[in-house]
Amino acid sequence: MAPAIKDNMKDIFHKVQLNKTDHPQYIKKLTKLYERTDLDTFWKHFVWCLKVPLSTPQQHPYVVNTLEFCAKFCMSFYPSLDNESVEPISPFLSRLFEFLLSSHNAKDKGVRFRICHFLNMLLNSMGDNAFIDDNLCDQITVSMMDRLLDKSPKVRAQAVFALYRLQDPSDEQCPVIKMYLFHVSRDPNVEVRKAVLATMGKNQKTLQAAFIRTRDIDDSVRKKAYEFISKITVRSLTIEQRECLLKDGLKDRSESVRTCVNNVLLPAWLRYFKGEYMSLIHALDVGIGTESATLALQILFKNVGLDTLLKQVPVDKNTRLIPLTSLTNENVLYWKCVIQHLHHVSAIEELELMIPELSEFCKYIHDFVAFISSQSHETWETESHKFILLQLFEISTMYDLSDEVGRKNLNEVIIDTLMSDHCSTKIIECLVSHLAKVIPDASNMLNAVANVISEIRLPLKENAVTQQITAEQQHENNMRKARLKVDVIELEEELYQSIKDQNFIQADKLKEKINTLKEEINRLCNTPETIITEDNMREEKNDTVTMVKCLDILYVAIQSIRVLTPTLRSLMCFVLNSLDHPHDNVHILALKTLCVYCILDKELAKKHIMIFFYQFSLEQENQEIWVVSLMAIFDLLLVYGLEYFDILQTPENNSVHNRSEKTRSLYTHEDSTHEDISISKRTEIEEGPCNFIKILTGLLTNANQGLRTTAAEGLCKLLLNQRINSSNLVSRLIIMCYNPVNVDDIYLRQCLSAFFDCFVGRVPDAQEMLENAYFPTLQVLCNAPDISPLREINAYHVSRFILGLTKRGSQKNSGQTFYTHNNLAFAILAEILNPESKIDQEILIRSLTDLCIQLEDDNLSKQNLQKAIKNVTKMVLNADKRLLKYIQQFKQKLEIPSEETGINTEDDSDSES
């Protein structure tokens with residue numbers, strides 16, 4: 001009887017692996033076999049057959065089919081739902097679970113994987129409304145939570161799936177949810193994190209965990225996180241979270257993530273609001289997330305008919321405008337987006353139904369400005385009005401400006417709005433940028449801007465009473481102005497020299513004198529032909545709001561031109577005077593505008609660059625002033641170069657121009673203050689205050705993150721554009737890459753990563769700078785104090801990074817004859833043998849294996865290299881024999897042709913993280 005049972009069971013197990021559709025009939029056959037066989041015999045043969053797929057780790061359809069068949073058969077013994085937990089579990093199932101739970105910690109990871117996999121199948125085969133015995137549930141939970149700590153990531157992932165039906169999202173103390181939350185945020189394996197996101201239930205804690213995973217380093221995990229969130233109602237998310245999800249998801253670097261957001265998340269949100277776009281816009285709070293809401297609408301519009309879009313725009317069919325009293329943030333944004341979409345798809349007929357002619361639309365904007373000016377409003381209402389006004393002007397940019405009457409009306413409404421009290425920074429940017437298209441002639445456009453600024457700062461007063469002054473008095477005023485201007489020019493030259501010499505006390509005194517003379521000149525300029533009576537004097541407005549508005553207008557206008565016009569030069573005095581304004585916002589805008597002036601005119605740049613340096617000598621509560629000044633300095637140096645400003649970097653004593661044939665210069669690193677003066681001429685600025693590169697490099701360790709990041713970005717640009725050449729600076733930037741202090745400064749790390757990618761291929765001297773930076777960098781890391789965060793850096797990883805960069809650089813410049821790795825090989829061996837070396841010998845010896853040597857036919861070099869290796873081998877034999885393997889690896893590479901000795905720095909970059 002037993003052989004027949006065994007053969008029948010083997011035959012059933014053989015056939016069920018081939019096709020799932022045959023499973024029901026074979027379940028019946030196996031059930032009949034079970035009914036006519038005693039439990040012990042049946043179990044013996046069943047578990048013998050079951051062990052075959054359970055011990056097969058390969059992902060093969062036959063294995064999966066067999067396990068699914070077993071799961072379905074086993075669950076046919078499970079108590080029916082009608083009895084719930086009253087009926088005890090069958091002896092067969094009891095044995096099965098006992099077998100599985102006693103085998104889950106098998107030595108073979110393939111078995112552990114299949115046990116978890118099969119448990120998952122069993123639980124899923126129970127049906128949607130199944131119940132399970134408490135004791136059995138606890139046993140499975142404990143066993144699978146052990147497997148969640150398995151060293152194999154595949155086992156951990158399967159354990160996650162096996163626990164799927166044992167979680168209780170409504171229980172705040174659910175142990176399964178707690179483990180899920182831990183692994184989704186801490187597990188180093190991508191598949192495990194994805195498994196958790198695919199299985200964990202939905203509550204506020206898991207929602208927050210999924211929200212954080214939308215910024216996971218892995219694309220597929222981010223996609224899973226968005227899929228998880230798309231199954232949760234949009235009302236469960238805060239407005240800030242909705243905005244963040246769209247902002248990050250719609251611009252994600254991965255196409256698969258963007259596709260998920262476009263095709264899954266956004267349609268799910270729109271379905272929640274029953275296809276009403278304005279309800280969706282309201283949920284996103286367009287006042288906060290305008291850009292994200294606009295981008296979301298543009299994506300949704302691609303998959304819907306134009307008729308559906310037009311129906312939801314509340315425009316009057318006769319006027320083709322939304323009534324002024326009905327304008328809201330939501331409907332005006334939707335109106336604008338629909339118009340932009342129609343314009344993009346060239347739906348001319350539909351567009352004509354949505355918008356009137358330009359002149360009528362200009363009157364509409366004018367009426368809206370008059371409407372919001374007619375009475376006072378709450379702060380939130382004022383902000384809403386500004387948002388609506390911005391959208392209306394953005395709609396105006398969609399018009400064809402060939403209509404001369406319409407263009408004239410648009411010009412008038414732009415000028416009137418600029419002089420009104422309803423302008424925000426964004427409105428000014430939109431208006432002035434569009435004004436450059438409305439008035440194509442740059443000179444005329446700038447004249448209009450100058451008039452606006454003049455009217456804002458010097459508003460006309462009604463009934464002003466004036467009286468004429470005599471010609472003699474006018475001549476005397478003109479002569480006095482001329483004398484004062486000459487005095488100002490002389491004092492400005494003295495001020496420039498004082499700042500250059502860092503005589504800041506004298507500079508302050510000179511500045512006070514200059515300001516006094518300028519005030520006198522302005523007073524004389526304001527009364528050229530008439531004297532206004534004191535009661536009706538036309539006062540110049542210098543309040544913060546007025547100054548910020550005027551500088552905003554000028555800053556946007558000046559960026560649309562290429563050459564300074566007389567009008568702009570006349571406004572230069574206004575910009576310079578604004579630097580003395582007590583409010584930081586005015587000061588910052590003045591610095592930004594002055595920088596654009598300097599970029600447009602090199603003489604102004606040379607004259608005023610020290611103003612930006614001068615900001616660092618002042619105590620600033622708002623360090624944004626320093627950041628803006630630093631950005632301006634870098635912009636000017638990039639445009640004109642250091643030589644134009646007589647700012648030449650100090651030559652470095654470890655430069656390739658000074659090395660000749662010596663290689664020890666690579667590791668004999670001295671401080672830059674001990675440089676050889678006879679190598680190259682010094683400039684005044686180096687002999688005076690300090691070396692320019694040292695000043696800016698010092699900012700890399702500034703406590704202010706913005707200043708630190710700006711300095712790093714600017715110095716990277718100077719290196720890439722070959723404005724400076726400094727191996728010491730390259731060393732500092734490499735250390736910044738690895739410094740744990742900068743771990744949260746994502747922008748800085750991305751900037752440095754992009755810099756080094758471009759540096760090795762774009763800068764001809766990159767190889768030499770990296771070579772010269774090698775030993776100084778390792779010395780800094782190995783000699784860092786115990787309390788320094790640099791002690792946490794793995795110096796070998798840094799060494800491998802530098803050698804990898806030089807290897808990539810040599811591949812991109814294959815025609816060069818200067819082999820950096822050859823030089824470094826001799827230098828590293830010399831440093832290892834140097835008894836006074838301050839670099840860890842193990843790091844240097846391991847680094848030998850990362851070198852790519854090419855000695856060509858130079859027998860003397862080969863002999864010297866072999867001799868040095870021999871000496872290092874002797875030293876290691878006496879000191880640390882475990883390092884011999886690295887020396888052997890290096891010797892083997894020397895015996896292989898150079899083409900085959902290349903190191904793949906990218907493939908094994910994480911091998912020892």
Side-chain angles (χ1 to χ4, degrees), residues 13 39-40 43-60 62-64 66-75 77-78 89-126 130 132-168 173-200:
F13 268 80
L39 178 61
D40 291 338
W43 171 253
K44 176 184 175 182
H45 296 299
F46 180 84
V47 79
W48 184 83
C49 292
L50 179 62
K51 284 181 179 179
V52 176
L54 287 180
S55 59
T56 308
Q58 290 82 9
Q59 281 292 88
H60 196 281
Y62 288 179
V63 177
V64 176
T66 306
L67 289 176
E68 285 187 5
F69 168 79
C70 292
K72 294 172 186 175
F73 170 74
C74 295
M75 284 302 104
F77 290 90
Y78 202 76
I89 190 169
S90 70
F92 175 77
L93 274 181
S94 180
R95 286 194 181 190
L96 176 67
F97 281 113
E98 183 181 349
F99 164 72
L100 293 173
L101 297 178
S102 63
S103 308
H104 75 87
N105 56 354
K107 289 185 179 179
D108 188 274
K109 66 180 179 182
V111 174
R112 300 198 303 272
F113 171 83
R114 284 299 174 200
I115 294 288
C116 297
H117 188 195
F118 187 54
L119 275 171
N120 179 38
M121 288 182 174
L122 287 171
L123 296 174
N124 285 336
S125 299
M126 288 183 177
I132 190 169
D133 181 75
D134 283 344
N135 290 333
L136 178 58
C137 180
D138 292 340
Q139 290 174 20
I140 298 174
T141 302
V142 170
S143 299
M144 290 300 97
M145 287 177 73
D146 284 345
R147 296 281 58 78
L148 275 177
L149 303 176
D150 200 283
K151 62 181 179 181
S152 169
K154 289 187 176 181
V155 176
R156 295 200 303 274
Q158 275 305 314
V160 168
F161 289 119
L163 286 167
Y164 165 59
R165 301 205 66 185
L166 302 180
Q167 64 181 315
D168 183 5
Q173 301 303 320
C174 175
V176 177
I177 292 292
K178 286 183 178 180
M179 289 297 285
Y180 276 178
L181 293 174
F182 173 82
H183 282 277
V184 78
S185 60
R186 301 293 180 85
D187 200 293
N189 187 265
V190 170
E191 293 304 318
V192 178
R193 300 199 299 274
K194 283 168 59 179
V196 176
L197 287 167
T199 54
M200 69 180 178

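Here the structure is a predicted model, which means the values were calculated and not measured. Note that these values count all heavy atoms, side chains included, but never hydrogens, waters or copies made by symmetry.
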Exercise for review: Quick one: list whatever passes ring-ring contact (aromatic ring centres under 6.0 Å, His included) with Phe182, sequence neighbours left out.
Suggested key: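 Testing Phe182 for ring-ring contact (aromatic ring centres under 6.0 Å, His included), a comparison that skips the adjacent residues, returns none.
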Return all side-chain donor-acceptor pairs below 3.5 angstrom for residues 134-141, not counting sequence neighbours, or 'none' if the list is empty.
residue : atom : partner : partner atom : Å
Thr141  : OG1  : Cys137  : O            : 2.7

Taking side-chain contact (heavy atoms from CB on, under 4.5 Å) as the test, write out the residues that go with [X], two or more places apart.
{"X": "Lys154", "result": "Phe113, Ser152"}
{"X": "Thr199", "result": "Val160, Phe161, Tyr164, Tyr180"}
{"X": "Cys49", "result": "Met9, Lys10, Phe13"}
{"X": "Val52", "result": "none"}

Decide yes or no for [X] and [Y]: does some side-chain heavy atom of the first lie under 4.5 Å from some side-chain heavy atom of the second?
{"X": "Val196", "Y": "Arg193", "value": "no"}
{"X": "Met144", "Y": "Val176", "value": "no"}
{"X": "Pro53", "Y": "Arg114", "value": "no"}
{"X": "Leu119", "Y": "Leu101", "value": "yes"}
{"X": "Met179", "Y": "Leu149", "value": "yes"}

Once side-chain hydrogen bond (donor to acceptor under 3.5 Å, both in side chains) is applied, do any residues pair with [X], and if so which ones, sequence neighbours excluded?
{"X": "Gln167", "answer": "none"}
{"X": "Asp187", "answer": "Arg156, His183"}
{"X": "Lys51", "answer": "none"}
{"X": "Arg147", "answer": "His104, Asp150"}

Review point. If you look only at pairs with a residue in residues 100-110, which of them pass as a salt bridge (charged side-chain N to carboxylate O under 4.0 Å, His left out), with sequence neighbours excluded?
Key: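 Residue pairs with at least one partner in residues 100-110: there are none.
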Review point. Does anything in residues 95-105 pair up under salt bridge (charged side-chain N to carboxylate O under 4.0 Å, His left out), and if so which pairs, sequence neighbours excluded?
Key: Asp40-Arg95
**Study point:** Polar side-chain atom of Arg112 near backbone of Ala106 as donor-acceptor pair, under 3.5 Å
**Key:** yes
Practice item. Take Phe97 and Ser143 through the test side chain to side chain contact (heavy atoms under 4.5 Å, CB included) and record every step on the way to the result. Key: CA-CA 11 Å; Phe97 281 113; Ser143 299; over 6 Å; no
